[in-house]
Structures are given as structure tokens and as C-alpha cells.
Amino acid sequence: MNAVVGAVPPGVGAIVVGHFPLSPGQWLEPHSHPQHQLAWTRRGVLGVAVGDAHWVLPPTRALWLPAGVVHRTGATRDAVLCSLYLEPERCGLDWAEPTPVGVDGLLAHLIAHLARTDLADGARLRAEAVVLDLLHPLPATPIDVPHPTDPRVRVVTEALLADPADPRSLDAHARAAGASRRTLTRLFVRDTGMSFETWRTHMRLRAALPLLAEGHSVSHAAHAVGYATASAFLAAFRRTVGTSPRRYLDGGLPSGPLDPLDPLGEQYRIARISRRGRSDGAYVSGARSAGRRR
């Protein structure tokens, strides 16, 4: 989709909340917003990509995207992208880089609260102030998997992305790509800034995160991406990221359900009934309508 243009309509408050259902494997086209965005899901697992950087977002994590940053958003299974759009001129935060934040039960409740269309001005302003106070950056960094440009390197990376557990050696990949081991080694570093082994490790770790976020065991995720044992996977994750997969995904927050609220809430069902003519099933709520954003 094209970049959204225009500001949050004038009125009380600086935050508009939108919900956008995503089906498994669905990815939105690269786009940007003139507002800051906080991308989150109450259920399912989101992925957000900015260039070669990629974040996996279970319900315990959200991602702050500064205004104007081109990004793609998708889901590994059924999910609902919940986006908070924050008008830069009326927002007290101005983080210049994409930043993951932790989401606890209180913040989840407040997001649902701000999605209501019947809030009094004072209640909306108080809730927005608390939301901003609750946004704390997480130390974890994205696991970069750079995309190469050389066609011989792309043959290798595309094969591994299609099957992270592919056990072939660099020599075998070089033969498949029609290059010598030495040439492929040099091209990998030139195109990605990483050795073949480092790139494959990053790719496998990133491929495992959605599986772990969906509740699969470490052993299942490890085998699915090519590790013989869970301990080998955990050692590679800690060596690369500096923490365990669970701490990376939870951001230090307690695990388990955030709260007993309906994933979308009554406001979503009312909106769907009143917008039957819309084909994308998306709506934006808040103190006023803000048009279509994702």
C-alpha cells in the first residue's frame, strides 16, 4: 500500500487506535506513516521488517516506529494488528529509531480503553498520559538477516530461507550456485557483511522465533531450523543475542495471558456491523476517525 498522508484529525488527544486483521503469512506492502506508530497484537504473532532488520512480536512486545519509517508488517498465523498512531506534534515521545517495548496487562487494558469511541475528553487525556509513561524500551536488538544482491549468493540464501534446516555445507551450496568456495565466501562478506556461517546462524535464530512465540517447545523450534539439540540452539542464541529466547520475547515481563478481555472487544464487533461495505475488515477508532492506516 502507499504511504499514508495527512495528520491525525484535530481534537482532544494525540492517539488514534486501529485494528487490522491479518491472515497467516499475510504481509502488507512497504509503507510509512506521518505519525509515530506502536504496532502490537493481543493474539497471534506479528513480524515487522525495516530494511534488513526484523522484529518478532508476541503479545508481550510491541514496536515503536518513528514517523516516516518505511516498514512491512505481517503475521505467522491469524493475528490482529493493533496500531496506535501518535501525532508527533502532540506526543511527548520522539524516539528516532524503531524500538521494541514491553506490553503488560495494564498497557493492554489502556490500549483497549483508548479504542473506545465514547470516552470523555478528560478520560482520554489521562489514559494517553499513562500509556506514554508505560512505554519503556527493551534492550534486545533485532536479528539482522541482510539480503544479498549477487545472484550466486541469492541462490544460497533463498534455499536456506525456504528450508532453514538445510544441512548442506558451504562447499555443497557453492556447487549449487556455480561458484567456488573461495568466491562464495568472499561474496557473502561483501554482500551481507557476514560470513556464510554467521548469516545462516542469524537466519535460523530468526526463523525459530515465531515458532517459540506461538508456544512451541525449544526442542521443536531447534530441530525445525536445523539444530541437532535444544542446548546447541540455546547456546547459539545466547552467543548471538546476549540473552535467552524467552527473555528476548517476553522482554522481562511475566508470561501467560495478558488479560481476559475479548481479543478485539465489543467496539470491534460494533464497527464491523456498521462497516459491512468495507472489504478489508479494518477500522480505526478513537476520539475521531483517522482513515485507513496500517
K.L.:
Is the backbone of P164 close enough, under 3.5 Å, to the side chain of R204 for a donor and an acceptor to pair up by distance?
P.N.:
yes
K.L.:
With P210, which residues qualify under side chain to side chain contact (heavy atoms under 4.5 Å, CB included), at least two apart?
P.N.:
V56, T76
K.L.:
May I ask you to establish whether R61 and Y248 are in a cation-pi arrangement, using a distance under 6.0 Å from NZ or CZ to the six-membered ring centre and at most 45° from the ring axis?
P.N.:
yes
K.L.:
Quick one: does any side-chain atom of E214 pair with a main-chain N or O of V45 as donor and acceptor, under 3.5 Å?
P.N.:
no
K.L.:
Output yes when a side-chain donor or acceptor of T99 lies under 3.5 Å from a complementary backbone atom of E97, and no otherwise.
P.N.:
yes
K.L.:
Looking only at the aromatic ring of each residue, does the gap between the centers of H173 and F196 stay below 6.0 angstrom?
P.N.:
yes
K.L.:
Distance-only, no hydrogens or angles: does the T192 side chain make a donor-acceptor pair with backbone N or O of P146 under 3.5 Å?
P.N.:
no
K.L.:
Donor-acceptor pair, distance only, cut-off 3.5 Å: does the side chain of H109 make one with the backbone of L107?
P.N.:
no
K.L.:
Please report the shortest heavy-atom distance between D171 and R181, naming the atom on each side.
P.N.:
OD1-CD, 3.1 Å
K.L.:
Using atom types as modelled and distance alone, determine if a side-chain donor or acceptor of D144 lies under 3.5 Å from a backbone N or O of H54.
P.N.:
no
K.L.:
Does a donor on one side chain sit under 3.5 Å from an acceptor on the other, for T198 and T201?
P.N.:
no
K.L.:
Hey, does the side chain of H216 reach the backbone of A213 with a donor-acceptor pair shorter than 3.5 angstrom?
P.N.:
no
K.L.:
Do you know which two heavy atoms are closest between S217 and L212, and how far apart they sit?
P.N.:
O-CD2, 3.9 Å
K.L.:
Examine distances only and state if a side-chain atom of W64 and a backbone atom of W95 form a donor-acceptor pair shorter than 3.5 Å.
P.N.:
yes
K.L.:
Can R190 and D150 be counted as an ion pair, charged N to O under 4.0 angstrom?
P.N.:
yes
K.L.:
Could you give me the CA-CA distance, side-chain angles and deciding distance for S32 and V70, then say whether side chain to side chain contact (heavy atoms under 4.5 Å, CB included) is met?
P.N.:
CA-CA 5 Å; S32 65; V70 177; 4.2 Å; yes
K.L.:
Do other residues, nucleotides or ligands put more than 12 heavy atoms under 6.0 Å from the CD atom of E197?
P.N.:
yes
K.L.:
Please check: side-chain N/O of H71 versus main-chain N/O of P30, any donor-acceptor pairing under 3.5 Å?
P.N.:
no
K.L.:
Spell out, as yes or no, whether a donor-acceptor pair under 3.5 Å connects the side chain of R124 to the backbone of L114.
P.N.:
yes
